[in-house]
Structures are given as C-alpha cells and as structure tokens.
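Note sheet for the following structure.
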Number of protein chains: 2
Amino acid sequence: MIRGARERARAEVGAAIKEEAGRQLAAEGAAQLSLRAVARELGLAPSAVYRYFPNRDDLLTALIVGAYDALGAAAETALADAGTADPLRSWMAVCRAIRGWALARPHEYALIYGSPVPGYDAPPDTVGPASRVPLALVGVVEAADAAGTLASFPGSGQQDEGVSADARRLFQDPGRTIPLTAAVRLVAVWAQLFGLISFEVFGRFDRIIDARDDVFDRAVLDLAHQAGLRPTGTGSAAESAAGR
Amino acid sequence: MIRGARERARAEVGAAIKEEAGRQLAAEGAAQLSLRAVARELGLAPSAVYRYFPNRDDLLTALIVGAYDALGAAAETALADAGTADPLRSWMAVCRAIRGWALARPHEYALIYGSPVPGYDAPPDTVGPASRVPLALVGVVEAADAAGTLASFPGSGQQDEGVSADARRLFQDPGRTIPLTAAVRLVAVWAQLFGLISFEVFGRFDRIIDARDDVFDRAVLDLAHQAGLRPTGTGSAAESAAGR
DNA sequence: TTCATATCGAGACCAGTGCTCTCGAATGGG
DNA sequence: CCCATTCGAGAGCACTGGTCTCGATATGAA
C-alpha cells in the first residue's frame, strides 16, 4: 500500500491538518475554523493547505464524517455492550451513549446536528457514517421484534404509504427485519430523541431543568414505548429494569 | 413620541436596515448576512450602518427577536383560533402552526432553533419573545387542567425536584396554573416537538419520508399524550377529532 | 549516476469581511 | 441666525477564503 516516502509524508501532513482543524473545531466551533489559523499552527503557508484540501468545505466535510463516525461508534458499542437480551435496556443504553457523546463534544455535535450551512448539502461520503446511529436504533427494534416483544401498531398500516421509495428499499433490504410500520414510527422517534439532546446541548434547558439526567431518561422511556418497545416486567419496574 | 424630523428619519433608516437584513437572511441564511451587502443595497457607506447597529451581532439579535416574535405570534393566534373547548384540538393547531411557520421560513427558523453561534449567549431581550411559543404550549395544558381532563402522572412527583429554582418561580407564578409535574413533562415534550420540526426543516427526512404531514401529526399526538392531554372521544377517533 | 518530471511549500495577490477613525456637511434647537 | 450635534462618506486596519506563480526538492526512468 505504501508507495514511498512521498505518499507517507503526504498522508501524515493531511492527517495533521485534519487533527489541528479538529482541535480548533472542538475549541471554538465550526464558524471559527480558519484555514489560515490551521496553517499558522502547523507552521505552513496558508496556500500549502490547499494541496491537501481543495477548500474549506472539504476540510469541514472530513470533520463531519469523523464526527458521524465517532458518534456512530459510541452508539454501536453501547448497543453491543448491552447485549440483545433486553431491548428496553439496549434502547436506554444507546440513547444515553448518544447524549453523553453530544454533551462531551458540543461543537462536533452542532456540526452534524445543528443547522446545516446554507447551500451545503451532504456529500455522499457522509450518508454512510450518518446512518450508523439510526441503524443502531433500528437494531434495538429488530431485537425486540425477534424476541416477539415488539408492539404492533393497529390501524396505522396506511401510514406506510408515506414512506419514500428509497427508504422502503432501505428498510426492506435483505438482512433488515424491521417491520415497515415500526420503521416509520422509529423515524419520528429518532427526530424527537435528537430534539431532546439538541435542546440540552444548545443550552435551552439552562436555568430551567437541573435534573437533566432524570428528565432525559423519562422522555427516552416514553420514546421507547412510542417506538414499540414494551416495558420489561410490570409497570413502574421499567425504569429500574432499564439500568438506573 | 415623535420628537422631530431627525428621530423619525433615524427610525426609518434603522427599520430599512433591519428589513433589508431580513431579506438577505431569508434569501441566503444568517452566515451570508453581511453588513456591507446591506449597506450596498441601501446605497449607504458601510460605516454608516454602524450609526444604527453597533455591530453585526446586534443586527442579528434584532432579527432573532423578530423571528421569535413572528413564530410566537403564529403559535398564539393558532391557540386563540382553536378556542379552549378541546385542548387536544388546540394542541394540534399550535404544533401545526409552529411547523408551518418553520417550513415557510427555514432560515429564520435555523437562526433561532439551529446551532447557536459560538460565544453568543442570548441577550436578555430575546428571552421574552422566545418564551411565547413554550407559553402557548403551557396554555394548552392549563386549559386541559382547568377542564379537568389533564392526566396525572403518578409516581413522578419526585422529578419535580429537578426543576431549577428559576423555572419553579416561573411556573408557580401567579396567573400560572400548570402543575409543576406537568410542566416538567412539557419541557421534554417541547424539546421533542422541535426535534421533529428541525429534522424536517433541515432536510433530514428528505428521501426517507414522503407523507410528512401524517408522520408529524401522528408523533405530535403521541407528544400530546406524553404532556398529559387525553384523547377526546374514544380511541382512534382522536385523530379525526383533532381536526384532520 | 544523471536528468526530466511531478510534487511541494512559500509568497504575492485578489476580493471580500467586520470594524474604527476622521473629516466635512447637513440639520435642527436655542 | 448660529452653533452644537448628528450624520454619511471614505480611508484604512486586520482578517478571511482562494488563486497563481515560482523556485526547491524529491522521484522514477534512462
């Protein structure tokens, strides 16, 4: 794979640029990310950076992909660690992992789940990494379905008509077992979950809610129900069963 | 009020600047909003704008306040139009009005509900206008409470401990009748509602969900339940009763 | 080993930004 | 009517993203 010293050097410098840009992103936010500042910090001429990233947006895209991957990895390891025995427990674990990652890296979170920069539509390279989180959630629902504990949604079959052809292909992919109806529900739940997290990360709960862990857990439990995950055990035992 | 021709002229130019800035915001987004471009469009020297807004952030704040007020007004008129007879109907009306406003003005929505610009924390003038939407939601819950149809939340009284002192003061204000427990629930519901809207406005449902109206209504109905609003009539009649 | 070629970084440069300062002119109140 | 206040213009500063050219350097082939 390694062709020669030149390619190695090139890869190293490219990585250093991305790394330094990541540092600045974490410290100051995406708006303050400046190619020139990155170059300055690395002892490079500003123009030299353009040998590695054709423009600022491309550098930003690299960071976006990195953030999606990091968040996706956090969700996936939480899912793996929780096992498949108790879907509700897995659900809580994944949601908490996502929230924890977001609170620890607010700027990276804002980069991927904040307002999209105008005129910027996600390049194809981002859709894979971006789907890792929703697919982790799908995994939980499929585990519940496999265990036969997934709730059915009577009378909402007609809603499946509203799913786009692309999504239908995605959800009815070989390997996927999630019922289409549950998938539609899950899309809405996914959005609501990130509403909770965004409000907290962006400071909308400041001076309003102190016990954010509790409020989050409570809401996420409701979301689990909305997604078709039934409480384990009886009634109020759900919360403790979910691993508090 | 009008002191003289000079003040009138000053107010007019100030309004023109804000208006032109609003145009540019709607067209291009907040990131592209340039003091110089505004000045250019108005035939002013760039420096002249600084007589009216000390810096770019202040101009942006004026736009933020305007957006909060416009969205708040939309929510309030929806609430007023729906009347207080049927809380669930009011709930749907308010949520739909918010969503409609957001979809029609994506850039203004992003300005107030997207990622906060780094190092910018909301000036005090924004908190009033910003509370209009949540207070409209509170109004719906209070109407349900007054009608005696608000669900109780058994066993979640301890969560009230997590409410900050500020919020407690706010919610237990004279004139407010919402039970503290319901208020806590509503805060989470509020966040989830804006998660739904943000995902749609920011294009996260593109190529996934086609029938967004239906998915939104379905989720908002679940949120109503989560907020303690009980379905009117029996079971599946709720949707039609909610005014589809 | 020698040499042509491809790659690299530096530096000058451009257009644009937010913002400050100064200066002349208009204006309106006493 | 006159003088102080207000206004807009314009120059200028420090910064940004991005382009271009030009030497230096390393690489692969002869």
Side-chain angles (χ1 to χ4, degrees), chain A residues 1-25 27-64 107 111 117-120 123, chain B residues 1-25 27-64 107 111 117-120 123:
Chain A
M1 219 40 175
I2 297 176
R3 283 274 212 190
R6 200 156 221 172
E7 265 107 32
R8 184 160 47 240
R10 178 175 180 82
E12 264 172 32
V13 176
I17 290 174
K18 198 167 133 186
E19 194 181 336
E20 174 59 31
R23 245 192 304 277
Q24 294 195 12
L25 169 68
E28 306 278 354
Q32 310 300 324
L33 178 62
S34 145
L35 277 190
R36 298 182 105 93
V38 171
R40 215 177 300 132
E41 208 65 26
L42 263 51
L44 284 176
S47 59
V49 179
Y50 287 86
R51 297 264 179 212
Y52 299 87
F53 294 91
N55 53 49
R56 186 178 174 277
D57 273 9
D58 277 39
L59 178 53
L60 222 55
T61 298
L63 295 178
I64 288 174
H107 287 124
L111 185 62
V117 294
Y120 173 94
Chain B
M1 221 41 176
I2 298 176
R3 285 274 211 188
R6 202 157 221 172
E7 265 108 37
R8 184 159 49 239
R10 179 176 180 82
E12 264 172 32
V13 176
I17 290 174
K18 199 168 133 185
E19 194 181 336
E20 174 60 32
R23 245 192 303 277
Q24 294 194 13
L25 169 68
E28 307 278 354
Q32 310 299 323
L33 177 62
S34 145
L35 277 190
R36 298 181 105 97
V38 171
R40 215 176 300 133
E41 207 64 26
L42 262 51
L44 285 175
S47 59
V49 179
Y50 287 85
R51 298 264 178 211
Y52 299 88
F53 294 91
N55 54 50
R56 188 179 174 277
D57 273 8
D58 277 39
L59 178 53
L60 221 55
T61 298
L63 295 177
I64 288 174
H107 286 125
L111 185 62
V117 294
Y120 173 95

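- A residue-by-residue look at A:R36 and A:G43 shows that A:G43 has its nearest nucleotide of DNA chain C further toward the 5' end.
- Summary of the strand contacts: A:A37 and A:P54 both lie near DNA chain D, and taking for each the nucleotide with the nearest heavy atom, the more 5' one is attributed to A:A37.
- Using a 4.0 Å cut-off, no side-chain N or O of B:Y50 falls inside it from OP1 or OP2 of C:dC21.
- With the end axes of the helix from C:dT1-D:dA30 to C:dG30-D:dC1 each set by five pairs, the angle from one to the other reads 0° at 10° resolution.
- As rounded to whole Å, 5 Å separates atom P of D:dG18 from atom CG of A:N55.
- Considering every non-hydrogen atom in both B:L33 and B:A21, the closest pair reads CD1-O, 3.7 Å.
- Atom CZ of A:R56 and atom P of D:dT19 are 14 Å apart (whole Å).
- To the nearest 0.5 Å, atoms CG (B:L35) and CZ (B:F53) are separated by 9.5 Å.
- Here B:A48 lies in heavy-atom contact (under 4.0 Å) with sugar-phosphate atoms only.
- OP1 and OP2 of C:dA10 both lie 4.0 Å or more from every side-chain N or O belonging to A:S47.
- Summarising the geometry, the separation between CD on B:Q32 and P on C:dG18 is reported as 11 Å, rounded to the nearest angstrom.
- The CZ atom of A:F53 sits 13 Å away from the P atom of C:dG9 (whole-angstrom rounding).
- Rounded to an integer number of Å, the gap from CG of A:L35 to P of C:dA10 is 15 Å.
- Residue A:L42 is classed as having no contact, given no heavy-atom separation below 4.0 Å to the nucleic acid.
- Here A:E7 does not pair with A:R10 in a salt bridge; the nearest charged N to carboxylate O distance is not below 4.0 Å.
- Here D:dA26 presents its P atom at 17 Å from CZ of A:R10, a figure rounded to the nearest Å.
- The nearest whole Å value for the distance from the CD atom in B:E28 to the P atom in C:dT17 is 12 Å.
- Closest heavy-atom contact between A:L111 and A:A30: CD1-CB, 3.7 Å.
- Distance, A:R51 CZ to D:dT21 P: 12 Å, rounded to whole Å.
- When side chains are defined from C-beta on, B:V49 does not count as touching B:R36, because their heavy atoms never get closer than 4.5 Å.
- Nucleic acid contact class of B:Y52 (heavy atoms, under 4.0 Å, all strands): sugar-phosphate only.
- No donor-acceptor pair closer than 3.5 Å links the side chain of B:R40 to the backbone N or O of B:A45.
- Closest contact between the side chain of A:A45 and the listed nucleotides D:dG8, C:dA10, C:dT17 involves C:dA10.
- With hydrogens and angles disregarded, no donor-acceptor distance shorter than 3.5 Å links the side chain of A:R23 to the backbone of A:K18.
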